[in-house]
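Before any comments, here is the structure.
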Amino acid sequence: MQRFEFSFCDGPLDARSLEVRARRDEDGAVVTFVGVTRNHHDGRSVVGLAYEAYEAMAVARVLAILAEVGGGHDVGRILVEHRLGEVPIGEASIAVVVSAPHRGPAFDAVREVMDRIKREAPIFKKEFFGGGEDAEWVGEVPRV
Amino acid sequence: MQRFEFSFCDGPLDARSLEVRARRDEDGAVVTFVGVTRNHHDGRSVVGLAYEAYEAMAVARVLAILAEVGGGHDVGRILVEHRLGEVPIGEASIAVVVSAPHRGPAFDAVREVMDRIKREAPIFKKEFFGGGEDAEWVGEVPRV
Amino acid sequence: MRVHVLLFASLREIAGDSQVEFELGAGATAVAVREELAARWPATRQVPYIVAVNQDYATDEHELSDGDEVALVPAISGG
Amino acid sequence: MRVHVLLFASLREIAGDSQVEFELGAGATAVAVREELAARWPATRQVPYIVAVNQDYATDEHELSDGDEVALVPAISGG
């Protein structure tokens with residue numbers, strides 16, 4: 001049985017608990033992507049991030065993405081969690097965990113899920129820079 | 001600074017501690033592969049696995065692989081741990097963790113490390129089957 | 001007709017609110033929401049965005065209905 | 001000359017030991033190790049393997065030196 005889950009959270013992410021829930025006895029591979037606030041972007045020093053979301057649509061859209069990606073690969077579970085609010089340097093903003101019998105489809109599914117969430121999910125990121133520069137909302141406008 | 005680490009262990013693997021050690025402040029991506037004993041192989045029911053290794057050569061060879069793969073991608077740390085001895089169903093036999101500023105190179109590096117370890121590292125796997133079948137050493141002989 | 005407009009990120013900051021109600025003429029399309037937004041908050045003209053009607057991304061030609069939820073979605077960057 | 005031979009996996013099980021010493025003639029190549037192994041434990045003929053000399057995979061034509069560590073590496077499957 002495949003299973004797909006997505007939720008937002010307000011505090012620190014726990015990727016390990018997703019991994020424990022992801023694995024089935026027929027799975028030989030668990031691939032995890034954790035996105036972390038880093039201290040730079042396009043050559044500028046970043047001191048922090050904050051996320052907000054159009055939550056209802058984002059949940060529906062991400063679950064649709066997981067079902068589509070899961071339908072295209074021999075994977076078991078795809079579990080995703082995204083943090084909202086401020087995320088300090090070094091803390092996780094997203095965790096994507098995919099379990100599968102074999103590792104190839106697990107890698108492919110994690111990459112596709114990440115690429116599509118970035119392009120399609122209405123989640124907004126504000127970057128705070130060092131040196132007194134104005135904070136900026138970053139990213140690209142999605143297409144129909 | 002890049003860093004590459006490999007070690008064998010006898011008991012349960014702790015991928016989370018590798019992840020914590022992997023991340024640098026300039027890294028926005030941490031990708032983890034965990035290989036787990038699954039309950040089937042080529043259609044047969046598997047009840048357990050045991051690993052042994054030519055340890056000195058395996059350590060040297062894996063560290064060489066990590067340095068080569070790391071040299072080809074913009075990644076930070078590549079940390080790998082492999083368990084030896086019996087590994088029950090659902091427990092991890094290997095964890096590969098790669099940190100990087102961006103996720104693409106991290107995914108590529110994890111996949112390459114796994115592919116090369118499987119092909120090159122002198123690590124041996126014995127599968128124990130259900131139903132009284134004889135246990136079997138599996139895999140392929142490496143090439144020069 | 002009346003539509004419920006949701007504002008996010010820089011649009012929310014410019015408007016000073018995360019939701020507003022717009023009164024539009026019969027047969028209005030999403031472009032009418034853009035015009036009303038720009039009229040009320042001229043600074044929003046600088047912000048590229050796409051509309052989502054009832055949680056689906058839509059073109060500016062999308063015809064609106066009374067009671068629609070129209071979200072204005074500027075640059076996204078989840079993950 | 002004398003080489004130190006390491007056995008793994010099914011080869012180790014057949015031989016009942018994980019290391020043995022082989023006495024070989026001067027100028028012997030890795031193939032001499034194969035022949036000696038097969039002579040002592042005929043069942044090892046059924047097991048495909050490659051040799052590694054001093055921790056590097058080598059061809060059967062590799063010339064051995066006194067004191068070499070010769071590992072016999074059957075099918076591998078780490079990970």
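Order of the sequence lines sets the chain letters (A, B, ...), proteins ahead of strands, with each chain counted from 1.
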Margin query: At a heavy-atom distance under 4.5 Å, which candidate from A:R111, A:M114, A:H40 has the highest pair count against chain B?
Written below: A:R111
Notebook entry, point to check: Between B:R116 (side chain) and B:I65 (backbone), is there a donor-acceptor pair under 3.5 Å?
Noted result: no
Margin query: What part of B:A15 gets within 4.5 angstrom of chain A, counting heavy atoms only: side chain, backbone, both, or neither?
Written below: both
Item checked: Residue among B:V97, B:V96, B:V36, B:V46 with most heavy-atom pairs under 4.5 Å to chain A -> B:V36
Check: With a 4.5 Å limit on heavy-atom distance, are the side chains of A:L79 and A:R21 in contact?
Finding: yes
Check: Any Lys/Arg nitrogen of B:R83 or B:E81 sitting under 4.0 Å from an Asp/Glu carboxylate oxygen of the other?
Finding: no
Notebook entry, point to check: Under a 4.5 Å heavy-atom cut-off, does chain A meet the side chain of B:D27, its backbone, both or neither?
Noted result: backbone
Notebook entry, point to check: Which distance, rounded to the nearest 0.5 Å, do you find between the CZ of A:F6 and the CD1 of A:I94?
Noted result: 6.5 Å
